[in-house]
Structure formats: structure tokens, C-alpha cells
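Chain letters run A, B, ... following the sequence lines, proteins first and then strands; every chain starts at 1. Heavy atoms only: backbone and side chains are in, while hydrogens, waters and symmetry mates are out.
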Amino acid sequence: MSTTARSQLSPRYEAAAIEPAIYERWLAADAFTPSPEPPSGAKRFVITQPPPNVTGALHLGHALTAFVEDMLVRYHRMLGDDTLWLPGVDHASIAAQFVLDRILAEEGETRATLGRERYLQRMWQFMDETRDVIGQQHRRLGASLDWSRLRFTMDEGSARAVRAAFKRLWDAGLAYRGEALVNWCPRCRTTISDLENIKHEESGTLWTIRYHLAGPDGKPDPDNWISVATTRPETIFGDTAVAVHPEDERYAALVGREAILPFVGRRLPIIVDEHVEREFGTGAVKITPAHDFDDYEVGRRHGLPMISVLDEDARLTDEAGEFAGLDRYDARARIIDRLREMGDLEGEAPHQLVIGRCDRCGTVVEPRLSVQWFVKVKPLAERALSSVREGRTRIIPPHFEKVFAHWMENIHDWAVGRQLWWGHRIPAWYCPDGHITVSDAADGPDACADCGRPAAELTQETDIFDTWFSSGLWPFSTLGWPEETADLQRFYPTQVMETAYEILFFWVARMMMLGLFLTEVEPFETVYLHGIVRDPYGQKMSKTKGNVVDPLEMIEEIGADALRVALVSGNAPGVDQRLTAAKLTGGRNFTNKVWNAARFVLGAAPEPMAEPAGDETLAERWVRSRLAATIDRATRQLDALDLAGYAATIHEFAWSDYCDWYLEMAKVELRREDSSDAERARLWRTTTETFGELLRLLHPLLPFVTEAIWEPLGEVAPWAIRGEALLIRAAWPSASAADDAIERTVDELRDLIRAVRDQRTAAGVAAGAWLPLHVAPSGASERRALEGGARYLAALARVRPLDVTADPAGRPSSAGSTALGTFWLGSDAAADEAAGQRAAERRAELRRQVDRLRTLLGNDDFIGRAPAPVVDRERARLADLEAQLDALGDGAG
RNA sequence: GGGCGGUUAGCUCAGUUGGUUAGAGCACCUCGUUUACACCGAGGGGGUCGGGGGUUCGAGUCCCUCACCGCCCACCA
């Protein structure tokens, strides 16, 4: 078939048009879905990916995640592994409610006006609108996800897994309900976890307040008081003691007496506790157990009453007497005013303090005493920690293992309940007698597990689970757990868990804890953590700063492959990167380079096309050797999850070796007039074949570009694609042996060509001018190399005639030298003078090197203690440099 | 307060278990209409590897110390 017209590639790689079409071809071929039966003998490769939030749009972090995972998946798919990359989204209960509440507010509705049922209906409707967004965006990135297995953390499969998981925790005594102080967001009106309570350093005020001592009549003594320092005067109504340090002499006499709480007159014991810092404030501190985590502990130690004075909206309760109903900050101002009037405000000073704010809405979080569901994490954490310590789960980069350990050792019980509506309702039922029944049945228990009361008399817990509870089950819930499904057996445990280090604790730790407890096995072998993508100045990208780069806009501009190259190149795991315009341009330029190499290769078919024959040229043998070395190296790097290393390896091979040298040498061969049609056909075959191998190597990094080239390549050179119509399904190349001798020869020729070019440039010779070149080989093998490479030397150094058997005795003082021998250009006086100067510089450099090596090799310690190969290498290097120096006519001693 | 990183060319970053000439991309200088690519090609310049000390035949790499930058965790009201 005549394919010349079809194999034409457009002059430019039009990413916006080409990439979506390629993705459709992959989808049509069902290329992302594993075969129904696992290939026999194949290794498993399953990625656990963090399901993005359903409400979000894709940002650069997601793009990096997707690129890293897609690269690994494409590589392993090409290796023939049983590969699965399962897509999904997270229902993100608190984030989703935050977004929906905002939308409702615009419609004049609230959660309260709708009620639970209608609110959830509205939420599902909203989900239907947004659930596809992330998926569409992933398609544009080129993510080869198995869409047939798409999951959602609110689907029935997840619901079943959540119920089963909680039941097992409950049965094992690892889930409990109890009263404790938790973080409460008054705006989201829910409990949040420690991780969602973000600490900020802020400016506030430290007030000093007088608490009058109780006089003999029980009334406040106007002349005696104890002063306490506080940043939160509005919580005084919850005070149940005043504490001082046990060794604080100043207050020793007051210990055991009582102080009177202003406004309400409650009597507060003055107690001692180690927790008090004598140097801070007055050295006396009011104890408010229901509104401060420290005070809570003090309260427990001393058996103090715990009085809540803030309601769920952070307004003061009836406990606050005249201040009841006021917002916490309004109350604060009024209380301070009143204390000032009463003369009991002793001082106020600016103070830096750490305030926790809700990760979602930024509202100041309140410690709040309430009855909550908890998961006891200590035993779970210990198992996760030993997995990492004993190497059953490996974290990349390794230093995060220390961070992980530090966190796991200091972990508190996990408050899993949320007072929200959007999420999995906790499967616990209460009976009127106070019994608790936890059930994993879809429609709840038949009866109370303790007293047998019928289901009709039981009421289900209204709290839902923290989003991370269902996300934590992701690696196995998505494969059918708790059922022993075929997918679970085939794809679990997974191999690589990949995510940003930011959510190591949020998600990875919880997946490990839950996975180990529920499935008795580590949910993944390796945790690969990537860093944050920052702006060019190292700032975190955020909408408020206005420095956000939208990956989809970037893709429209330069293409998904270009963005992939930009994000992956030179990016070490766990390290933040700055995304600069230069990096993006570099990515675009590389895709363009590959595209244009393809245009050349495809267009270089010889006319007429003959049956290939003849011995391979130096160029062909060299490129095959370089290719073999590159395959070997790239494969090892991908196996080690060194993606940046892999990208650098193939970037260098493709650009420097293949394009800059091989294709240039191939041009020399193709344009020879003394070669036969058969030889030209063979060269073309080698070129297309190696180019096909290059495309395979590049595919994980440039999936779209390489796939776009693959089909036209196959049309003109079917041998290059070995019968596989789609590159995504082609086999990863296997490395043959590199040919060190050939590589050395070409290296030496390259050095000579460069040296000649250097002299030409230095002499200001017109670029197009042909100059005679004389080379006096330093030995027989060098002479053979020169003869073998004469064609390349002549064309690439632009020299003519070329004399490779020159008599060294006839060399001028301007002669240069390389490993192959001495060389000089036949040229005009100006060129001679410049060359002479170069030659002198070269001699000086050689002398310096030779001296250094002679000193080193004259050192008995070095000879005696360095390993033999190192010594031999240095000796060889010295001999080589001495030979070059001799050839230049300078013995140097 | 505790912990973890980082400091390598003008910029952004690599640098395997220590091996003696520390790399890349971008930027810079010179040259170039050679029919794949100017989103290109050729050549070139540029680093006492944050400071100091130590171990070693040999240190960007290991140890100690100091300085600066960043991040995470944390219960001084």
C-alpha cells in the first residue's frame, strides 16, 4: 500500500486537537481495563490513588498525582503486568456541605429550612452535576484509568464496607462512645478532627482579672483576691477552680481557700497542679474544663465539675446569666467592660497566641464537651508502625518514615462522628434502655442486641462518619470487600500508594490502620509521596493569592504531554517544586522535538524501496548500543520509582543521542551517493526500528505524542510496531547488550568533531566553508576508527579533503589532539593563529591533569588502600593523557 | 517547645553504597536561511557544593558545630 500521504504528520503538534482524539481511540479499544482473566504468570501492579473530592476542580496537585500514577501504570501495562488503576471520587462530607450550603444560601434556603431528607436529595442532585467533572478532566490529562470500575465513596459498595468495618471495630472493642472534649466548628456545626483544626499564630489580648477570695461570711472579700490571666474571659462561667503551681511560694497560703467567680458568685477551690507555669501571667490560672484541652485534663485529675457555657453556635448558654444568648465575642467585650467598671480588670496586654481554625471555613474552633463516637487507635497505630519499621510497607522518600513514626507514636483516639448529614450514618442503634446495637446489615438490626427489644423501638444514631473513615477503606472497599470477590483476590493488596505528602496522616495512616485491622495485610507495599507544586516564587498556590495555574488552561496552551514533562522532570519525591514558565516551555519544546524527529524519520523513506541488505554502519551499531543502555537504565529507574531519573535518561537519549547524533549520522549515510538501494533500505529499517523502540520508551512520559506517531510509523514501517496497532498496548522494550567498543569509537569521533568545530569557531571560519583536515592517528586502532568514521567526520565537521594518514612529523604548532590522534586544519593564517592559541591552552590543561594524576598515583597510600579498579582507571587515564601530550610534541618532563 | 528537611552555576534543580575532571534545563556570549524542528543547530563561558572543624589514601556525599531558610507536630492560660 502506498502510505506516503497518510504518514505525513502536521508541521506542528496540535495538542488540543490530537490529544482528545487519541484518548477516544484508547477508550474505544478498551485499553485501560484489565483482561477478564489475569494473564498467567504475570506480576500484579495495582495503584491506590487518592480519590479527589467530588466538589473540586482539578488543580496542579491532582495533575501531578495523575501524571505520576499514569506513568507507572503505562509502564507496568507495557511490561505485561496485571495492572489496575481504579478511578473514583470522594464524597467529602464537610467540604461538600460547605459548598452546597453556599449555593442554598443564594437560593434563600438553609439546611434547617430544607430538613435532612430534602437536603440530602438536593445533595445527590448536586452530585450528579459535579461527579463527572473530575473524570472529564482526568481524561484530558491522559490518565489511563479503568473507567469500568469507577467508584464513589457514597456508593452502595462503600456503604457496605463502612458498616462492616465499623461492626468489626465495635466487636473488637475498638469503637466506643463516650463523653470527651472535641474540636467543634460553630459554623459547620460539627465535630472536626485534630488534623482539620489548623493552628494559626494570632494577635490577641491577655487580660488579668481579679477573683475575690471568699470571706468568712462566704461573700467576696473586697480587699483580698487572686488574679488570673486569661485570653478567653467569656468562658469564665465555666470556671470550676483556680490553679497554681504546687511550689509557688506566692500562693502557698491561698491553696485550699476559695475564690468567688464574678457575676455568678460560684465558689472556686484554689488547687495546685504541675501544669501551671509560674512565670506565665500571674502564675494563677482559671480552670475551665469544658472549654480548654489543658483544663479538661486538670479537671479530670482533680474531679472538678465540667460546665459547658457555649452552645453549638458558640453563643453563651444560660449558665452565663445576664450574658446568656450573646455571641462569644460580643460577650467577651461586654464582660471586659463590666469587669473594668467593677474595678476587677487588673490589666490587659497584647499577646501572641495560637488559635485553631476550621480547615474548611476558617472559623475559630471551640473545644466542646460532648458524647461522641471514637475509634481507639493505639493498637491500630502500633501495627501500622511496625509495618513501616519492619519494611513491609516502604515509604518514598524514606525520611518520611520518621515523620510517620513520630505522628503514629503521639496519636490520639479518632473522633469519627460528624454532626452532618452528607455521609455514611453511623450504624449504631439505641434502645430505650440505653443499650447500643451496632449492625452491619443494610436495613439495621432486627432487635436490640442486649435486651431483644424489636427494631421498631430502636433509634439510629444521627451522626455520620468522618469522610476519612470511608476513604480509609478505599484500597479494598473498591474491590468488593467485605465480600471475597474475584477482584479482591486478584488485585489486593495493592502495590503502590501514591499521593501528596500533605495527606500522609489524613489518609495514608488511616488506610494502613484500617487495612491491617480489617484485611490482616498491608494495603500497599510502597507509599510514594510527591511534593507540592508551588508558584515560581515558592509560594503555595491559592485562589486568594491569585497565583493559581489552571492545569486545563495550561493543557489547552501547550498540551497535556508538555505539562507532564514539566511537572515530572527534575522533581524528586517528597520535595516541593516551583513551576516556572521556563519549565513549561521546556516541556513544550521536548514534545515538539519528538514530533519533528518523527516527521523526519517518517519522511526519510528511500526511493526506491529495496529489500534491506548489507552490514550495519557505525551509526546504526552505535544507536543500537546506546538504545540498549538507555532501555536498561530507564527500566531500572522506573522499577525504583525514580520518575525524574527516567525522564532525564530518555530526554537525553532522545534529544542528544538520537536526534543530535544518530539522525545526523544517518543523514550522512542516506545521502551517500555510493551506497546501494539495499543499504539505504537497511539504514531506513534500522532508523524506524530504533525509533519505534524510542517511542515505547517515551510513552509513559509522552503518551499522546508517541501514540499519535505510532500509527503512521506502523504504516510505513510495520516492523517497527511489531503488529501492535496501539502503542499503549505495545511491549516495553527489552535491553540487549550494549557494545562498549562501538560506543568508545563514536565517543572519540565525537570528541574529534567537536575539537575541529571548536577550532573553526575560534578561527572565525565561515560556517559553510570546507577546510582540509589532517589527522595523524596515535595508533592502529585509532586509525581504523578514523577510517570507519571518515564519512561522519567529513560531513559533520565540514572538512574536505580529509587525510587520516597524515605524518605527525609534519604537524604545525597549531595542531590539536584528541584520543584519536593529532589533527590540524589546512587553512589561512588567521585560522592558524587561533588554532595555535587553542592548542597551547589544550597543552597547558593536559599538563595540569597529567601532573595531578602523577601525584595521585605516586601516593603509596592511594595505591595501597584504594580498590584496584579505581587505581587501574586512574592509570589508564594517565596513560591516555600522556599519549595526547606526547602527540602534541610536549613531553612535559 | 519537639521533630523533619533544605542551603550545589545567574535561576530552577539532579547528584546512586565516599572514588579524585560535580551534571541537566533555562538564562548568558559567539556563530548559523545545511531540505525534521529557530519550540532549532554548532561552539563557548560560568560552581573554593552555606561557614568552621573532624574521620579517610580520597568528602558535595559520613560525623560534630554554627548560621540562615522552609515544613510538620505541640496543652503556657
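Across B/rU8 and B/rG23, the matching C1' atoms stand 10 Å from one another, rounded to whole Å.
At least one side-chain heavy atom of A/F293 sits less than 4.5 Å from a side-chain heavy atom of A/N183.
Below the 3.5 angstrom threshold, one finds a donor paired with an acceptor across the side chain of A/K593 and the base of B/rC37.
The nearest whole Å value for the distance from the CZ atom in A/F862 to the C1' atom in B/rU20 is 7 Å. Rounded to whole Å, atom C1' of B/rA38 lies 10 Å from atom CG of A/N589. Rounded to whole Å, atom C1' of B/rC4 lies 8 Å from atom CZ of A/F400. Atom-to-atom, CD1 of A/I532 to P of B/rC71 comes out at 9 Å; the value is rounded to the nearest Å. B/rC73 atom P lies 7 Å from atom CZ of A/F505, rounded to whole Å.
The phosphate of B/rC75 (OP1 or OP2) has a side-chain N or O of A/K199 nearer than 4.0 angstrom. In terms of phosphate contacts, A/R671 brings no side-chain nitrogen or oxygen within less than 4.0 Å of OP1 or OP2 of B/rU35.
Looking at A/D535 and A/R578, no side-chain N of the basic residue comes within less than 4.0 Å of a carboxylate O on the acidic one, giving no salt bridge.
A/R578 comes within contact range of the sugar-phosphate backbone alone, with a heavy-atom separation under 4.0 Å but no base atom that close. The residue A/R760 sits apart from the nucleic acid: no heavy atom pair falls under 4.0 Å.
Nearer to the 5' terminus of RNA chain B, by closest-nucleotide assignment, is the contact made by A/K402 (compared with the other of A/K402 and A/F590).
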